[in-house]
Amino acid sequence: MTISKRVSKLAAAAAAAVMALSAVPAVPVSAAIDLKNLPVPLEEDDSKAFSKIVPELYSAKSDKYWRGTYTELKWKPVKGALYYKVYRKADGEGNKCIANVFDTEYDDYDGSGTNEYKIKAVTFTYSDEKVLTKYSNTVEVKTMKKDEPDYYYAEGEVSSDAGAPAEDDEAFFDDSDAAYEPSPAPVPAPAPSAVSQTSNSLYVPVNTEEYSKSEESGYKKAAISPLSTFSADVDTASYANLRRLINDGDYIPEDAVRIEEMLNYFDYDYAKPAGNSRFAVTTELSDCPWNSKAQLLSVGIQGMELEKAPNSNLVFLIDTSGSMSSEDKLELAGKSIRKLSKTLGKNDRVSIVTYSGEERVILAGARGDQVNTVNALTSILEADGVTNGESGIQAAYAIAEKYFIEGGNNRIILCTDGDLNVGISDEGELKKLVEQKRKSGVYLSVMGFGTGNIKDNKMETLADNGNGSYHYIDSVTEAEKIFVKERSSTLYTIAKDVKIQVEFNPANVEGYRLIGYDNRRLANEDFNDDTKDAGEVGAGGSVTALYEIIPAAGRTSAGLKYQKTEPRAEFSGELLTVKVRYKNPDDGKSYQVTNTVDRTDYSAKMSNNMKLACAVTEFGLVLKDSDYKGTADVTHALKLAKSLTKPDAYETELAELIAKYINDRE
């Protein structure tokens, strides 16, 4: 492609972005969606009639700019079409498909000379067979390309320069949203001698990634604050994102390190729930490797498995804005969706909504076994334009509500880098939007993609307040983990508003500190308040939390359960009580499970579960450069990771990741 053609494409994209900005509707998008005429696969009887249709290509024109030639093709909509194939026959050659489009128009920037164009409409039957219409009428377009010097765009000015960028300079001609803004001046890397020994990276690159800031929880006196209350968190995004940063040799922002998500990325061998309870609590008490004055308490909460999964009504909400153009974003999102689609059945329902400058419903209420349909549609998506996430969210909820399955799993799966720049983009406003929408009974889970400009803060806000989970996908392997291996815990909620409260006995505990969960802390009175929102846990999912505990010197003090000023014999050895409160999604009733920890539960020898949790946490404390990291050391974290008995693939990868981190900083 010549420079002039590429500039033409860039300029046209910029113009489209301006038009999209001016066309944002003033009314809620959901009110404007035509729910009666949504694109769905054809019934068998309709497919034969569809294939005989000859689409009418009713207009074509070419405009000449100083940049070159621009050919605009249009045709009348074909009833039942999911997308269209555009063919071009040039210089006597046979028809060649040059584009797959969802709109009834196509702009051909490569059109020059004499070209013949045709189109075909494409749909699928409910037996998942592709059906094409006959070729449209032929339109012949004659164009002539103007001779011109090699002009190029530079910060809003047109100039001629022998030093213009080469044609393969993709960064210069990047079609992403950020391409229209001049890049900030690079931050020079510090000299090696100036790098702190505790620094988690040797340089600080320029990017626009955003993370929510949160304050670490410090030590609390058990006599004054005997209760520790927080919301369950099953997100795993932080660990996968940190893996990406470490493997790429990038700077690690402290706010990107959420130790609870690192812990919850891994599987633990916890006790399974018994009877009608949806959760079992497993605790372990040992020494704290990075604080010689403290003991370390592990609290593991294991959710029940489902004997039979409910039918699913899934809406894939896909960000197709310009910022999603790289292989690790839109392309990887499509591959991830295709992984999940293979696991669905005929009683499930699948819809696909895309958004950039505006939302587009490209599939509505298809059967879950329409694998070919989903594969085809997600394979031809292209990234372009601005990011109106609000309109996409509104449209996705409208579709999810239309195909709502009573007693089923109704869920939106948002695939994005979180870079919202049109409509609602403020975290607080996004929170209000999904809080209102979750009342419909539709869950919102978020899958993050990409690097350089991911908005982790926005994606976490959407998932946490949309009654869903947040995961980061950096590879097809990670997609396999989330959508196939851990499919049940990702898709099927067994309990909502899950809260954990630990009550410490001041007679035996001087002080304590909850590690992580910094943006998940709740007021103590929220634990018994069933109107307060908290986390959701999926089938077979688990939650892990660690406490550093400072033992008391044997004196008594006032508490709650342990509130008697005179020592009570039955509580004399107890350190604490763990309570888990949750709602059944089916009937909305609240339930509670309880477990106590005694001084005799201490063991100097760590289980495999505890070694894994310690290795992950110690690594996280160093990455975060925590104020409470004590003597935490990555070499010791690596030793713990390597000591695991029969490690699975993810535990082996943890040891390799820590080793890489150490080697890269030597």
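Quick caveat, the model's predicted, so the values are computed rather than measured.
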inquiry  = Taking the side chain as everything from C-beta on, heavy atoms only, tell me whether I500 gets closer than 4.5 Å to I301.
reply    = yes
query = Do any N or O atoms from the side chain of S47 and from the backbone of L42 form a donor-acceptor pair under 3.5 angstrom?
reply = no
inquiry  = How long is the straight-line distance from OG1 of T229 back to CZ of R521, given to the nearest 0.5 Å?
reply    = 11.5 Å
inquiry  = The criterion is side-chain contact (heavy atoms from CB on, under 4.5 Å); which residues satisfy it with A309, sequence neighbours excluded?
reply    = Y492
query = Does the side chain of I318 reach to within under 4.5 Å of the side chain of L330, using non-hydrogen atoms?
reply = yes
query = Excluding sequence neighbours, so at least two apart, what forms side-chain contact (heavy atoms from CB on, under 4.5 Å) with D526?
reply = L522, A523, K532
query = Does CD belonging to E382 count more than 12 external heavy atoms closer than 6.0 Å?
reply = no
remark   = Residues passing the salt bridge (Lys or Arg N to Asp or Glu O under 4.0 Å) test with R278, sequence neighbours excluded, are D586
ask   = Can you name the side-chain contact (heavy atoms from CB on, under 4.5 Å) partners of A400, sequence neighbours left out?
value = N313, V315, I412, V442
query = What heavy-atom pair brings E261 and S238 nearest, and what distance separates the two atoms?
reply = OE1-N, 2.9 Å
ask   = Which heavy atom of P55 sits nearest a heavy atom of T133, and at what distance?
value = CG-OG1, 3.3 Å
ask   = Looking only at atom types and distance, does a side-chain atom of S336 sit under 3.5 Å from a main-chain N or O of A479, one as donor and one as acceptor?
value = no
ask   = Ignoring hydrogens and geometry, is there a side-chain-to-backbone donor-acceptor pair from D417 to F449 under 3.5 Å?
value = no
task = Mind listing the closest non-hydrogen atom pair of N264 and S542 along with its distance?
result = OD1-O, 3.9 Å
key: Any donor-acceptor N/O pair, D248 side chain to D250 backbone, under 3.5 Å   = no
note = From the list D529, D497, D530, salt bridge (charged side-chain N to carboxylate O under 4.0 Å, His left out) partner of R581 resolves to D530
Spacing of H471 atom NE2 and K481 atom NZ [to the nearest 0.5 Å] = 8.0 Å
Under 3.5 Å side-chain donor-acceptor pair for N519 and E460 = yes
task = Report yes if some heavy atom in the side chain of D464 is under 4.5 Å from a heavy atom in the side chain of D533; otherwise report no.
result = no
task = Can you spot which of K485, R338, K339 makes a salt bridge (charged side-chain N to carboxylate O under 4.0 Å, His left out) with E480?
result = K339
key: Backbone N/O of V371 and side chain of D128: donor-acceptor pair under 3.5 Å   = yes
ask   = Checking side-chain contact (heavy atoms from CB on, under 4.5 Å) for the pair I399/L35: CA distance, chi angles, key distance, verdict?
value = CA-CA 8 Å; I399 299 302; L35 295 177; 3.8 Å; yes
ask   = Less than 4.5 Å apart, any side-chain heavy atom of S440 and any of Y397?
value = yes
request  = State the CG-CG distance between L491 and L340, to the nearest 0.5 angstrom.
outcome  = 5.5 Å
inquiry  = Using the rule given for side-chain contact (heavy atoms from CB on, under 4.5 Å), can you reason through I362 versus L82, listing the C-alpha separation, both sets of side-chain angles and the distance that settles it, and then say yes or no?
reply    = CA-CA 6 Å; I362 63 174; L82 291 180; over 6 Å; no
Residue list, ring pair (Phe, Tyr, Trp, His ring centres under 6.0 Å) with Y265, at least two apart or on another chain = Y239
task = Look up atom CD in Q394 and atom CD in E390, then write down how far apart they are to the nearest 0.5 Å.
result = 5.5 Å
ask   = What distance separates M304 CE from F279 CZ, expressed to the nearest 0.5 Å?
value = 8.5 Å
inquiry  = Between R258 and D235 (salt bridge meaning N to carboxylate O under 4.0 Å), is one present in this structure?
reply    = no
inquiry  = Working note: L344 + V374, criterion side-chain contact (heavy atoms from CB on, under 4.5 Å); need CA distance, chi angles, decisive distance, verdict.
reply    = CA-CA 11 Å; L344 302 177; V374 174; over 6 Å; no
request  = Could you tell me the separation between the CD1 atom of I352 and the CG atom of L317, rounded to the nearest 0.5 Å?
outcome  = 11.0 Å
key: Salt-bridge present (K496, E536; N to O < 4.0 Å)   = no
request  = Name all residues meeting the ring pair (Phe, Tyr, Trp, His ring centres under 6.0 Å) criterion together with F230; count only those two or more places apart in sequence or in a different chain, and write none if there are none.
outcome  = Y517
request  = Given side-chain contact (heavy atoms from CB on, under 4.5 Å), test N375 with S341 step by step and report yes or no.
outcome  = CA-CA 8 Å; N375 288 355; S341 69; 3.6 Å; yes
inquiry  = Is any side-chain heavy atom of Y58 closer than 4.5 Å to one of T104?
reply    = no
query = Do I405 and N410 come close enough that some side-chain heavy atom pair is under 4.5 Å?
reply = yes
query = Is the side chain of K455 donor-acceptor paired with the backbone N or O of N453 at a distance under 3.5 Å, no angle test?
reply = yes
task = Side-chain contact test, heavy atoms from C-beta onward, threshold under 4.5 Å: evaluate it for T493 versus R411 and give yes or no.
result = yes
ask   = Judged by modelled atom types alone, do D456 and Y470 share a side-chain donor-acceptor pair under 3.5 Å?
value = yes
key: Flag, side chain of R520 to backbone of D233, donor-acceptor distance under 3.5 Å   = no
ask   = Would you say the side-chain atoms of T71 and D108 include a donor-acceptor pair closer than 3.5 Å?
value = no
key: Any donor-acceptor pair under 3.5 Å from S469 side chain to V234 backbone   = no
task = For a side-chain hydrogen bond (donor to acceptor under 3.5 Å, both in side chains) with S127, tell me which candidate from E43, E44, R367 qualifies.
result = E44
query = Do Y84 and S136 touch side chain to side chain, with heavy atoms closer than 4.5 Å?
reply = no
ask   = Which is it for D319 and K329 under the salt bridge (charged side-chain N to carboxylate O under 4.0 Å, His left out) test, yes or no, and what are the steps along the way?
value = CA-CA 9 Å; D319 182 352; K329 293 188 178 182; over 6 Å; no
task = Could you tell me whether R244 and E209 have a side-chain N and a carboxylate O separated by less than 4.0 Å?
result = yes
ask   = Does the side chain of S212 come under 3.5 Å of the side chain of N457 through a donor N or O and an acceptor N or O?
value = no
note = Note: V537 and A232 closest approach over all heavy atoms is CG2-CB, 4.3 Å
inquiry  = Using modelled atom types and a 3.5 Å cut-off, is there a donor and acceptor pairing between side-chain atoms of S51 and backbone atoms of V131?
reply    = no
inquiry  = Is it the case that the side chain of N465 and the backbone of T461 share a donor-acceptor pair, with hydrogens and angles ignored and the cut-off at 3.5 Å?
reply    = yes
request  = Search all heavy atoms of F50 against all heavy atoms of G80 and return the closest pair with its distance.
outcome  = CE1-C, 3.9 Å
task = Provide the closest heavy-atom pair for A376 versus Y83 in the form atom of the first, atom of the second, distance.
result = CB-OH, 4.4 Å
